[in-house]
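The chain is numbered in sequence order, starting from 1.
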Amino acid sequence: MALLIILITCFVIVLATSQPCETPDDFVAVTSPGHIIIGGLFAIHEKMLSSEDCPRRPQIQKCVGFEISVFLQTLAMIHSIEMINNSPLLSGVKLGYEIYDTCTEVTAAMAATLRFLSQFNCSRERVAFQCDYSSYMPRVKAVIGAGYSEITMAVSRMLNLQLMPQVSYESTAEILSDKIRFPSFLRTVPSDFYQTKAMAHLIQKSGWNWIGIITTDDDYGRLALSTFAVQAAANNVCIAFKEVLPAFLSDSTIEVRINQTLEKIIEEAQVNVIVVFLRKFHVFNLFNKAIERNVINKIWIASDNWSTATKIITIPNVKKIGKVVGFTFRRGNMSSFHSFLQTLHTYPNDNNKPLHEYAILFSACKHVKDSDLSQCISNYSQETLSLQTNKAVDRNFFMRNDFLWHYTEPGLIHSIQLAVFALGYAIRDLCQARDCQNPNAFHPWELLHVLKNVTFTDGGNSFRFDAHGDLNIGYDVVLWKEIDGHMTIAKMAEYDLQNDVFIITNQDTKNEFRNLKQILSKCSKECSPGEMKKTTKSQHICCYECVSCPENHYSNQTDMDHCILCNNETHWAPVRSTTCFEKEVEYLNWNDSLAILLVALSLLGITFVLAIGIIFTRNLNTPVVKSSGGLLVCYVILLCHLLNFASTGFFIGEPQDFTCKTRQTLFGVTFTLCVSCILMKSLKILLAFSFDPKLQNFLKCLYKPVPIIFTCTGIQVVICTLWLTYAAPAVEENVSLPRVIILECEEGSILAFGTMLGYIAILAFICFLFAFKGRKLPENYNEAKFITFGMLIYFIAWITFIPVYATTFGKYLPAVEIIVILISNYGILCCTFFPKCYVILCKQETNTKSAFLELIYSYSSHSADNLARSHASLDSTNSSSTVTHLSSSSKSVAWQKSRDLRAQAFANICRENVANVSRTLPRKRISSI
């Protein structure tokens with residue numbers, strides 16, 4: 001199948017027609033003989049003149065619109081070839097050239113290409129299409145050009161047939177790097193991939209994200225648009241509109257499309273940056289129309305096609321359109337070319353039609369001022385030119401100034417020089433073992449192989465084509481600026497392709513970049529630090545609203561897509577924050593006012609304990625002290641209160657593992673010991689003043705003070721020991737609060753903590769029952785009633801503590817526990833000791849032995865009477881319901897029983913109280929009682 005396809009493609013095209021050109025060289029623009037011929041393609045005229053919209057005969061039309069800048073490019077090729085011929089690079093071998101005018105049309109370029117492909121030494125200009133071109137010898141060995149990518153692609157597809165080397169100096173379409181489709185194509189400029197990447201980078205760096213783009217409706221324009229769109233998206237740059245103009249000036253709709261493009265620019269008022277991938281004549285017409293319609297103060301990003309075009313920069317009032325920032329090819333040493341232009345008036349023009357035409361046009365426009373001279377030359381009609389052809393031309397006149405030098409585009413001139421030098425060095429390497437004075441010394445495909453690997457120099461710099469046939473020498477970034485009333489092109493920076501960076505060499509350039517950034521081109525207002533962009537599905541990504549960063553989020557740059565979350569454990573941020581703040585570590589500090597108050601209350605409690613201890617010690621032998629359980633019990637209870645008050649200090653200050661373990665253990669054990677002692681006191685009081693024989697016997701068996709106290713306290717010690725062993729309290733950072741870190745003691749085990757408190761509550765409840773039972777015993781010497789109140793205060797405090805502790809958080813959580821400890825301590829201390837101190841200090845007459853015994857006697861008699869009345873009432877209830885009045889004998893019997901009960905109760909009270917409370921009373925007094 002492949003062979004069949006090849007055979008089908010084997011055909012012959014004969015260039016000779018029934019009506020050939022008058023002479024073969026009529027079609028050539030510039031020619032010079034040589035051993036090796038290099039072809040050239042330049043768009044010396046900007047369009048082809050057609051007398052009819054739909055031509056009926058396949059003939060090449062005449063060209064109009066002389067382009068001075070392209071004319072200079074042809075001169076650069078000629079000059080570079082002559083430099084090689086005049087150098088020892090190709091010893092004895094002369095390079096010749098044939099340069100054709102493409103007239104910016106593919107048709108003319110393809111016709112010229114057919115001339116390049118025609119057979120050498122053939123009687124007729126003929127291109128023989130064969131299945132194998134290995135031995136085919138064309139007239140031309142290599143081609144330089146064309147300039148525009150659309151034309152270059154068409155030419156390259158024809159040159160691929162013979163693998164004839166084609167080196168372009170300006171075609172930058174990315175697709176040309178594809179060596180499968182364009183195997184014989186090379187270029188001395190970078191691909192548009194790098195140019196579009198640099199443009200997008202520049203736009204993003206300048207703070208613009210809402211731009212427009214104008215391009216041409218051809219392969220070059222579509223590829224540039226596609227590549228730039230990808231690069232723009234990668235740099236978060238949005239394209240507001242895409243306008244496409246016809247590729248050729250001969251298109252009748254070009255004026256309409258330019259007007260529509262300007263309408264779009266005016267409509268999109270927020271778009272102040274426009275990227276332009278157009279040819280010079282497109283931009284020339286666009287800017288003229290823009291000045292007419294007052295489209296001003298924009299930033300135009302220029303492609304390498306027109307960024308240094310003098311024809312455009314000399315448009316009257318061009319400064320009104322705004323600023324032009326362009327990318328151009330790196331320039332080389334232009335001194336030799338400048339000297340060449342200075343002596344151009346001595347150069348023969350017999351075989352140089354563009355030079356002859358330029359001389360005629362310059363003479364015809366010599367009356368025009370310099371600013372309009374280029375336009376005059378370009379607009380000169382072909383008919384007028386024909387009338388001027390036979391007139392004498394003052395060639396000295398048009399060379400007397402530097403007019404041509406001002407229209408030189410250094411980047412393109414350097415690219416042409418590199419293209420010629422690359423071919424020169426490749427021919428040198430190929431001709432080292434061949435006699436290249438013979439035109440049949442090598443075939444084009446052999447030259448291509450050498451050219452791809454050649455290393456050549458220019459101005460001391462070495463160059464080499466990469467694997468894609470590109471010469472990535474980078475770009476110069478230029479700015480159009482007005483100096484002394486004239487627009488000039490100033491270099492701003494260099495763009496490094498490999499590292500994707502702009503190299504700025506001086507402070508003035510930095511200022512220029514800073515001035516560019518002052519011009520806004522955005523769909524939405526810039527979101528300041530502390531805000532983020534919010535878009536909807538219906539909106540473009542560059543059109544958004546600015547919303548404040550929520551709490552604990554921040555943004556520290558403009559136009560951030562999202563806010564950054566702070567580390568919630570260590571940092572926080574308020575709403576609309578630009579940074580995260582480190583959380584402050586908080587705990588109940590000694591300097592805190594509440595802590596000071598609690599410490600003061602604790603110290604006051606300790607003072608009370610010490611004062612009570614002193615009072616009791618000084619009144620050691622009084623009945624009040626003895627009835628309180630004696631000095632030992634009182635001291636143990638007071639010591640427990642002292643330790644409880646002291647334990648509150650472990651709740652204040654920076655928590656440590658030691659303090660966390662100590663504070664709960666110290667409180668639990670000491671408070672348990674305190675309640676155990678009070679329990680024994682309640683039990684003792686109840687035993688001393690109980691009249692029920694069964695209860696008395698039970699209490700006597702139960703009343704073992706020391707074992708019970710040790711047992712009750714020991715259980716709490718075991719609970720705390722297990723707690724500290726398996727789930728001990730420890731320091732923990734509470735990061736749940738938004739702005740602070742609370743340094744607190746984690747209890748380790750809530751179950752253990754609850755068990756400790758629950759055990760104390762059980763003991764307190766038993767104590768409360770015993771005390772409540774003996775609440776009506778003698779007031780001055782009986783604590784039962786006050787113990788009852790003390791236990792009630794304890795229960796109220798700790799019942800309140802549970803929900804408060806569960807719902808409170810922060811640094812004041814320890815203060816809640818301190819308050820409950822203080823309330824419990826003060827409640828029990830006040831109810832247990834303050835009444836006794838009051839009697840000791842304020843009612844000393846009741847704190848005597850005789851007063852004590854009298855009180856006991858009175859209480860016992862009163863209790864016996866009450867008991868007798870209770871029995872009498874019970875007997876009366878059980879008597880017959882028919883008896884309404886007791887007889888005198890019955891009354892006598894009831895009274896006798898009552899008296900007996902009183903005597904028995906009295907004896908009971910005396911026996912217990914005298915034995916336990918008043919052991920120091922004289923035996924005679926006891927007997928009399």
Side-chain angles (χ1 to χ4, degrees), residues 41-49 63-74 101-109 145-155 168-174 176 187 189 192 195-196 199 213-225 227-228 242-258 261-262 274-290 300-315 318 321 324 326-329 374-375 377-379 407 409 411-412 415-416:
L41 295 174
F42 295 88
I44 302 173
H45 291 83
E46 65 180 17
K47 65 180 179 178
M48 195 175 281
L49 184 64
C63 302
V64 296
F66 190 84
E67 282 289 329
I68 297 176
S69 61
V70 183
F71 166 62
L72 286 166
Q73 294 169 19
T74 63
D101 182 7
T102 65
C103 299
T104 325
E105 289 283 349
V106 174
T107 305
Y148 199 62
S149 296
E150 177 84 359
I151 298 175
T152 299
M153 291 179 198
V155 170
S168 177
Y169 53 88
E170 190 178 13
S171 299
T172 56
E174 186 180 358
L176 290 169
R187 54 186 164 193
V189 291
D192 271 339
Q195 182 174 206
T196 54
M199 286 180 173
I213 183 169
I214 308 173
T215 186
T216 51
D217 187 16
D218 55 13
D219 287 341
Y220 167 75
R222 286 188 292 270
L223 289 169
L225 176 59
T227 306
F228 179 78
K242 305 171 185 176
E243 292 297 316
V244 180
L245 300 181
F248 303 102
L249 278 180
S250 54
D251 194 306
S252 60
T253 64
I254 191 165
E255 293 293 328
V256 176
R257 292 295 298 124
I258 288 176
T261 299
L262 292 174
I274 303 168
V275 179
V276 181
F277 287 100
L278 298 175
R279 302 187 191 183
K280 296 181 182 68
F281 54 77
H282 286 102
V283 180
F284 182 82
N285 293 337
L286 178 68
F287 278 9
N288 276 303
K289 289 286 184 180
W300 306 84
I301 307 297
S303 67
D304 48 47
N305 269 339
W306 63 275
S307 59
T308 56
T310 307
K311 178 179 179 179
I312 302 172
I313 204 172
T314 54
I315 295 175
V318 71
I321 64 171
V324 176
F327 289 82
T328 184
F329 309 123
S374 171
Q375 191 61 29
I377 293 174
S378 179
N379 291 339
Y407 277 80
E409 299 180 41
L412 283 174
S415 297
I416 294 170

So OG of Ser69 and CD1 of Ile312: to nearest 0.5 Å the spacing works out to 8.5 Å

Sequence neighbours excluded, the answer for side chain to side chain contact (heavy atoms under 4.5 Å, CB included) partners of Leu412 is Gln73, Tyr169, Glu170, Lys280, Phe329, Glu409

Heavy atoms of Pro246 and Thr216 approach each other most closely as O-CG2, 4.5 Å

Could you tell me whether Glu67 and Arg279 have a side-chain N and a carboxylate O separated by less than 4.0 Å? no

Separation between CG (Leu223) and OG1 (Thr215), nearest 0.5 Å, reads 9.0 Å

Next item on the list: Taking Thr102 for its side chain and Ala109 for its backbone only, find out whether a donor-acceptor pair lies under 3.5 Å.
Entry: no

- request: Could you check if a side-chain atom of Tyr220 sits within less than 4.5 angstrom of a side-chain atom of Thr152, using non-hydrogen atoms only?
  value: no

Min side-chain heavy-atom separation Ser303-Phe228 under 4.5 Å = no

dist Ile301:CD1 -> Ile213:CD1 (nearest 0.5 Å) comes out at 11.0 Å

In short, Leu278 meets Ile214 closest at the heavy-atom pair CD1-CG2, 3.9 Å

To the nearest 0.5 Å, atom CD of Glu46 lies from atom NE2 of His282 at 10.0 Å

Could you check whether Lys311 makes a cation-pi contact with Phe284, meaning its NZ or CZ is under 6.0 Å from the centre of the six-membered ring and within 45° of the ring axis? yes

dist Ile44:CD1 -> Thr104:OG1 (nearest 0.5 Å) comes out at 10.0 Å

Practice problem: Find out whether Val189 and Asp304 are in side-chain contact, i.e. whether some heavy atom of one side chain is under 4.5 Å from a heavy atom of the other. | Solution: no

(message) Test your reading of the model: is there a side-chain donor-acceptor pair from Ser171 to the backbone of Gly147, 3.5 Å cut-off?
(response) yes

In this structure, CG of Asp219 is separated from CD of Glu174 (nearest 0.5 Å) by 13.0 Å

Notebook entry, point to check: Given the rule in the side-chain contact (heavy atoms from CB on, under 4.5 Å) test, do Leu245 and Thr261 qualify, once you have shown the distances and angles that lead to the verdict?
Noted result: CA-CA 8 Å; Leu245 300 181; Thr261 299; 3.4 Å; yes

Contact between Phe277 and Thr227 at the side-chain level, heavy atoms closer than 4.5 Å - yes or no? no

Between Phe42 and Ile416 the two heavy atoms that sit nearest each other are CE2-CD1, 3.9 Å

Heavy-atom nearest pair, Ala302 first then Val324, reads CB-CG1, 4.0 Å

Checklist entry - Where the side chain of Trp300 meets the backbone of Phe287, is there a donor-acceptor pair that is under 3.5 Å apart? => result no

Heavy atoms of Ala224 and Asp192 approach each other most closely as CB-OD2, 4.4 Å

Between Gly326 and Ser307 the two heavy atoms that sit nearest each other are CA-CB, 3.8 Å

